[in-house]
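Some notes on the structure that comes next.
Any value given below was found using the heavy atoms of this structure, including those in side chains, with hydrogens, waters and symmetry copies removed.
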Amino acid sequence: MDYVSALVPPVVMAVFFVGLIVTIVKTQGGANKAKEDAVVDAALARAEGGPGAARGPEA
């Protein structure tokens, strides 16, 4: 029975790793892709705009 207790942790980690990879692959693209792209584009625009661009419009 020692071999069972030795094999359980790697098997459990492998199952969770496969689940993680499947989740990552499924969430690429799809309905949220445009929203995620917009968030990245806005962050890049703020970063390229300089130090004053991150604060937003000044009154």
Common cluster, [X]/[Y], ILVMFWY with side-chain heavy-atom separation under 4.5 Å:
{"X": "Val12", "Y": "Leu20", "answer": "no"}
{"X": "Met13", "Y": "Ile21", "answer": "no"}
{"X": "Phe16", "Y": "Val8", "answer": "yes"}

Inset, instruction - State, to 0.1 Å, how close Asp2 and Ser5 come at their nearest heavy-atom pair, and which atoms those are. - result: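 What the structure gives for the nearest pair is O-OG, 2.9 Å.
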